[in-house]
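Start at 1 with the first residue, then count along the sequence.
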Amino acid sequence: MAGAAAESRGHAPLLSIGQVLARLSPDYPELTPSKLRFLEEQGLITPARTESGYRKFCEADLERLRLILSLQRDHYLPLKVIRAYVTDLDAGRNPAFPGQVQGASMLGVGRRMPREELLREAGASASLLDEAVAASLIVPADAYNDDALAVLQALVGLRRAGIEPRHLRGLRAAADRESALISAALAPALRRREASSKASATERGLEIAGQLETVRSSLIRGAIGRLAR
């Protein structure tokens with residue numbers, strides 16, 4: 001991908017930070033100049049520089065940004081996972097898509113699907129989606145992302161086991177408690193005014209969420225193991 005960026009810079013007009021924001025902000029309103037600088041500091045993007053030091057972006061840089069922002073927003077992946085993935089892409093390898101839903105493809109990254117498409121891909125009934133929304137497991141929307149698809153697919157499988165969305169209402173309460181824990185842990189960084197501190201706090205929040213998921217999964221596996229004894 002780095003080679004592609006270099007090639008694009010030689011054949012197409014380069015974009016300023018303002019032009020990049022104009023192109024990407026409709027889909028990624030959280031993108032700011034400070035976040036762009038933060039991603040560069042983390043080694044995820046390498047924009048060209050003018051003699052005066054201004055950053056300039058090519059089309060390949062924009063595609064790279066779309067991938068990174070989609071992986072963050074739609075799959076809640078921490079930057080260290082994203083960095084490893086794009087590094088493999090840059091090296092010409094064909095890495096497994098991190099956090100990929102079984103049966104999903106790379107074309108699904110960052111996509112938005114209407115209700116009918118979501119139901120079709122998940123193999124779910126409209127009533128199951130309505131029940132998931134009522135149980136606060138899926139947020140109602142005009143268009144849904146791959147995260148909603150993954151949840152709905154899981155609910156289809158759970159229904160086969162006799163577990164209905166209403167049985168999972170406690171998961172929303174547990175998620176809210178974990179969010180409160182993460183917010184408390186990030187409070188010192190969020191109180192700082194620097195935009196880079198806020199971007200770093202977001203990254204740290206994703207890491208903490210992944211660590212909580214590891215603990216939760218371990219507890220569940222242990223409980224299942226005790227049942228089998």
Side-chain angles (χ1 to χ4, degrees), residues 29-30 69-82 96-104 108-191 198 200-229:
E30 73 279 8
L69 296 170
S70 294
L71 289 172
Q72 280 191 305
R73 181 191 66 191
D74 300 332
H75 299 275
Y76 310 104
L77 295 176
L79 287 184
K80 64 180 181 180
V81 174
I82 297 174
F97 179 52
Q100 184 172 3
V101 177
Q102 185 174 3
V109 176
R111 65 177 171 164
R112 288 291 186 270
M113 64 194 87
R115 176 185 171 95
E116 294 74 16
E117 182 179 347
L118 174 72
L119 294 173
R120 183 173 61 254
E121 292 211 22
S125 64
S127 62
L128 180 60
L129 176 57
D130 291 339
E131 290 173 31
V133 170
S136 299
L137 301 174
I138 294 177
V139 177
D142 293 330
Y144 296 87
N145 61 16
D146 282 334
D147 191 54
L149 173 60
V151 171
L152 193 56
Q153 286 175 326
L155 292 174
V156 169
L158 289 169
R159 171 165 278 183
R160 296 193 191 105
I163 300 174
E164 299 291 341
R166 66 179 182 276
H167 300 145
L168 305 176
R169 290 182 184 275
L171 294 183
R172 169 53 59 187
D176 290 340
R177 287 194 295 272
E178 290 186 10
S179 296
L181 286 174
I182 294 173
S183 295
L186 299 179
L190 292 174
R191 281 196 292 266
K198 293 183 178 180
S200 179
T202 299
E203 168 63 11
R204 179 59 182 147
L206 291 170
E207 290 181 0
I208 294 173
Q211 291 158 355
L212 289 171
E213 176 64 29
T214 297
V215 174
R216 185 191 312 110
S217 297
S218 176
L219 292 172
I220 292 173
R221 286 194 298 270
I224 293 173
R226 288 191 294 274
L227 289 174
R229 292 173 189 166

| Any idea which heavy atoms bring Ala185 and Ile208 closest together, and the distance? | CB-CD1, 4.0 Å
| task | Could you please spell out the steps behind the side-chain contact (heavy atoms from CB on, under 4.5 Å) verdict for Asp130 and Val133? | result | CA-CA 5 Å; Asp130 291 339; Val133 170; 5.6 Å; no
| Contacts of Ser218 that satisfy side-chain hydrogen bond (donor to acceptor under 3.5 Å, both in side chains) - sequence neighbours left out | none
| Does the side-chain contact (heavy atoms from CB on, under 4.5 Å) test come out yes or no for Leu155 and Leu168, once each step is laid out? | CA-CA 10 Å; Leu155 292 174; Leu168 305 176; 3.6 Å; yes
| query | Minimum heavy-atom separation for Leu69 to Glu30, with atom names? | reply | CD2-OE2, 4.3 Å
| message | Exactly one of Leu129, Leu128, Leu171, Ile138 should register a side chain to side chain contact (heavy atoms under 4.5 Å, CB included) with Pro165. Which one does? | response | Leu128
| query | Closest heavy-atom contact between Val139 and Tyr144? | reply | O-CE2, 3.4 Å
| message | According to side chain to side chain contact (heavy atoms under 4.5 Å, CB included), who are the partners of Ala122, at least two apart in sequence or on a separate chain? | response | Ala124, Leu149, Leu152, Gln153
| query | For Leu118 and Ala148, which heavy atoms make the closest approach, and how far apart are they? | reply | CD1-C, 4.1 Å
| task | Output all residues satisfying side-chain hydrogen bond (donor to acceptor under 3.5 Å, both in side chains) with Ser183, sequence neighbours left out; order by chain, then residue number. | result | none
| request: For Ser217, check side chain to side chain contact (heavy atoms under 4.5 Å, CB included) against everything at least two apart and list the hits. | output: Glu213, Arg221
| request: Return yes if some donor-acceptor pair links the side-chain N/O of Asp147 with the main-chain N/O of Ala150 below 3.5 Å, else return no. | output: no
| Side chain to side chain, Pro114 and Asp142, heavy atoms closer than 4.5 Å | no
| said: Run the side chain to side chain contact (heavy atoms under 4.5 Å, CB included) test against Ile220 and tell me which residues pass, sequence neighbours left out. | reply: Arg216, Ile224
| query | What residues, two or more places apart in sequence or in another chain, satisfy side chain to side chain contact (heavy atoms under 4.5 Å, CB included) together with Ala126? | reply | Arg115, Leu119
| query | Does any pair with a residue in residues 159-175 pass side chain to side chain donor-acceptor pair (under 3.5 Å), and if so which ones, sequence neighbours excluded? | reply | Glu131-Arg159, Arg159-Glu164
